[in-house]
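Reviewing the structure listed below.
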Amino acid sequence: MIQNIQQSAQSILDTLHSAVLVINQQLCVEYMNPSAEMMFQISYARAKQRPLQELVIDETDFFTRLKRSLKTQHPFSAYEEDLTVRTGQVLALDYMASPIQYGNQPQCLLLELVSRGRHRKIAQEKHLLIQNEASRSLLRGLAHEIKNPLGGIRGAAQLLERKLDNEQDREFTTVIIREADRLKKLVDRMLGPRGVPHKRQLNIHKMLEHVRSLVQVETSKVKFIADYDPSLPDIYGDESMIIQAILNITRNAIREVSDDGEIIFRTRSIRNYTIGDNAYPLVAKIDIIDNGPGVPEDLKEKLFLPMVTGHAEGTGLGLSIAHTLINRHDGLIEFSCTPGYTTFSILLPLLTDPE
Ligand SMILES: Nc1ncnc2c1ncn2[C@@H]1O[C@H](COP(=O)(O)OP(=O)(O)OP(=O)(O)O)[C@@H](O)[C@H]1O
Ligand SMILES: [Mg+2]
């Protein structure tokens with residue numbers, strides 16, 4: 001057993017969610033695992049033998065501690081520290097450094113980094129799911145109560161219409177029927193997506209191109225840029241549901257951007273990612289990025305809840321529906337925004353063995 005474990009040490013490191021690096025006396029990278037590649041957005045092949053200062057920037061304290069630990073051979077830990085990485089992103093991390101020696105190499109330092117931001121996000125996502133489910137069941141009850149009498153009102157208006165000879169009087173019944181239909185449509189949207197998903201293998205890029213062709217008919221002001229990872233495997237899902245989710249997010253982005261608007265569709269795969277309570281070895285990330293002003297501050301916390309809108313003509317259902325649809329695929333939607341760069345990301349597990 002022990003021998004087997006030792007033999008599979010490499011795959012243990014590959015599967016770890018923590019980023020692991022081995023740093024030599026010159027503070028250059030000797031080794032990094034896939035989670036570290038993800039964290040620093042660089043491949044091991046490129047980072048190997050490069051100074052750690054190229055991955056973590058402007059963090060004098062951090063490097064002073066590493067040097068001290070290498071010199072004194074004392075391990076150390078730091079909690080909830082912010083480190084700026086090479087992409088400019090500031091990561092909230094816990095990290096531990098332990099002196100290590102392998103073979104007849106000089107002493108090195110084993111550095112483990114655990115992202116606190118991710119933990120915080122997982123807790124927020126769980127909270128959002130619970131909130132969303134609670135407001136959905138409230139809406140379901142309300143929608144049911146509205147739909148029954150609404151059918152009655154519409155039916156009665158139709159009967160009345162038949163009995164009216166006067167064209168002017170008929171206008172009133174037409175208004176009743178039209179408004180009842182509008183209300184029914186709204187209530188149906190409020191009820192959210194129903195029906196079981198019909199899942200099959202789907203090419204993400206085909207779906208994105210389909211959405212692009214749909215929305216480009218509606219608007220000519222926006223420039224679309226495709227930044228696809230061609231090696232991304234197919235996902236297993238319901239095509240119309242996933243297209244609907246992408247469409248809802250894209251329509252929002254189009255509304256926000258100005259005349260020189262730009263929307264980027266970007267796809268990437270991420271290794272070792274946790275969604276809800278489940279850790280997945282591989283996840284597809286679909287980013288819809290716009291250069292609009294970003295999500296208003298007062299909406300950020302409740303954006304995915306039904307009936308939350310920043311627009312007078314909006315119903316506030318688009319993102320809530322998208323969230324439910326992606327959730328049915330065990331995925332999630334995240335967003336981040338800085339002015340001129342708003343990203344909505346759909347994350348979907350990539351299963352090698354579909355059920
Ligand atoms: N890309 C974005 N940039 C800035 N704000 C956004 C973006 N996407 C969504 N929002 C904000 O989130 C709100 C909620 O979006 P959501 O799609 O749920 O509802 P809506 O677009 O207002 O109405 P509906 O989609 O039902 O027609 C929007 O009204 C808008 O204020
Ligand atoms: Mg919308």
Side-chain angles (χ1 to χ4, degrees), residues 124-125 127-140 142-143 146 179 181-194 207-208 211-212 214-219 221-227 240-267 285-328 331-347:
Q124 278 169 357
E125 280 151 15
H127 181 64
L128 177 68
L129 277 180
I130 295 167
Q131 257 188 326
N132 219 340
E133 198 35 59
S135 34
R136 288 224 146 267
S137 58
L138 185 77
L139 280 181
R140 268 196 294 270
L142 187 67
I146 295 174
E179 290 302 294
D181 285 346
R182 200 173 63 86
L183 202 52
K184 181 174 177 295
K185 259 194 197 156
L186 174 69
V187 170
D188 281 339
R189 271 195 89 207
M190 274 164 64
L191 277 170
R194 274 167 297 169
M207 290 191 287
L208 284 168
V211 170
R212 174 150 71 148
L214 281 180
V215 291
Q216 263 182 338
V217 178
E218 296 165 19
T219 175
K221 67 171 187 174
V222 181
K223 185 174 154 207
F224 279 89
I225 299 167
D227 174 7
S240 62
M241 287 189 176
I242 292 174
I243 287 180
Q244 186 64 59
I246 300 171
L247 200 58
N248 287 6
I249 296 173
T250 309
R251 287 214 167 108
N252 285 346
I254 291 172
R255 184 182 48 199
E256 299 299 329
V257 297
S258 54
D259 281 347
D260 56 350
E262 219 173 71
I263 293 176
I264 307 171
F265 282 166
R266 182 164 65 196
T267 58
K285 185 166 182 271
I286 308 166
D287 292 335
I288 295 145
I289 305 161
D290 70 72
N291 63 350
V295 177
E297 204 54 47
D298 59 328
L299 291 189
K300 281 185 178 167
E301 293 288 314
K302 49 188 180 186
L303 205 58
F304 292 96
L305 294 179
M307 318 299 282
V308 170
T309 179
H311 293 269
E313 78 288 5
T315 50
L317 291 173
L319 285 179
S320 154
I321 290 170
H323 186 260
T324 309
L325 290 171
I326 295 302
N327 227 244
R328 284 184 167 198
L332 71 92
I333 306 178
E334 294 182 335
F335 82 96
S336 68
C337 62
T338 48
Y341 202 86
T342 306
T343 310
F344 278 80
S345 307
I346 299 177
L347 292 135

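Every number for a ligand or one of its atoms is a count from 1 in the order of the listing.
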**Request:** Quick one: look at Phe304 and ligand 1, take heavy-atom pairs under 4.0 Å, and tell me if it's side chain, backbone, both or neither.
**Result:**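 No part of Phe304 is near ligand 1 at this cut-off.
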**Prompt:** Which is it for Val308 and ligand 1 at heavy atoms under 4.0 Å: side chain, backbone, both or neither?
**Reply:** backbone
**Message:** Take a 6.0 Å sphere around NZ of Lys223 and say whether it holds more than 12 heavy atoms from other residues, nucleotides or ligands.
**Reply:** no
**Request:** Determine whether more than 12 heavy atoms belonging to other residues, nucleotides or ligands lie under 6.0 Å from atom CD of Gln131.
**Result:**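 Atom CD in Gln131 is crowded, with more than 12 foreign heavy atoms closer than 6.0 Å.
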**Message:** At less than 2.8 Å, would any N/O/S atom of Thr315, backbone or side chain, sit next to the Mg ion (ligand 2)?
**Reply:** no
Within the structure, does [X] bring an N/O atom to less than 3.5 angstrom of an N/O atom in ligand 1?
X: Gly314; answer: no
X: Phe344; answer: no
X: Leu299; answer: no

**Message:** Looking at Asp181 and Lys185, is there a salt bridge between them, counting it only when a charged N and a carboxylate O are closer than 4.0 Å?
**Reply:**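 Between Asp181 and Lys185 there is no salt bridge, as every charged N stays at least 4.0 Å from the carboxylate O atoms.
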**Prompt:** Is there a heavy atom in Asn248 that sits closer than 4.0 Å to ligand 1?
**Reply:** no
**Prompt:** Gly292 near ligand 1, heavy-atom distance under 4.0 Å?
**Reply:**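 Under 4.0 Å: no for Gly292.
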**Asked** Hey, which atoms in ligand 1 end up nearer than 4.0 Å to a heavy atom of Val295?
**Response**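 Counting atoms of ligand 1 from 1, those under 4.0 Å from Val295 are 4 (C), 5 (N), 6 (C).
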Please compare [options] and report which has the shortest non-hydrogen distance to [atom].
atom: atom 25 (O) of ligand 1; options: Pro296, Gly318, Ala312; result: Gly318
atom: atom 13 (C) of ligand 1; options: Leu303, Ile289, Thr250; result: Leu303
atom: atom 28 (C) of ligand 1; options: Arg189, Arg255, Glu256; result: Arg255
atom: atom 26 (O) of ligand 1; options: Thr315, Thr342, Ile321, Thr309; result: Thr315

**Asked** For the residue pair Phe304 and Phe335, does the interplanar ring angle fall in the parallel (under 30°), tilted (30 to 60°) or perpendicular (over 60°) class?
**Response**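 Rings of Phe304 and Phe335: tilted, as their planes differ by 30° to 60°.
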Please write down residue, atom name and distance for the protein heavy atom closest to [atom].
atom: atom 17 (O) of ligand 1; result: Asn252 ND2, 2.8 Å
atom: atom 19 (O) of ligand 1; result: Gly316 CA, 3.2 Å
atom: atom 1 (N) of ligand 1; result: Asp290 OD2, 2.8 Å
atom: atom 16 (P) of ligand 1; result: Leu319 N, 3.6 Å
atom: atom 29 (O) of ligand 1; result: Gly310 N, 2.8 Å

**Prompt:** What distance separates Ile289 CD1 from Phe344 CZ, expressed to the nearest 0.5 Å?
**Reply:** 12.0 Å
**Asked** Say you draw a straight line from CZ of Arg266 to CD1 of Ile225; how long is it, rounded to the nearest 0.5 Å?
**Response** 11.0 Å
**Request:** State, yes or no, whether a side-chain contact exists between Thr342 and Glu256 at a heavy-atom distance under 4.5 Å.
**Result:** no
**Prompt:** If we only count heavy atoms from C-beta on, is the Asp287 to Phe265 side-chain gap below 4.5 Å?
**Reply:** no
Contact summary for [X] and [Y], nearest pair of heavy atoms:
X: Met241; Y: Leu325; value: O-CD1, 3.4 Å
X: Ile346; Y: Ile246; value: CD1-CG1, 3.8 Å
X: Asn291; Y: Gly261; value: OD1-CA, 3.6 Å

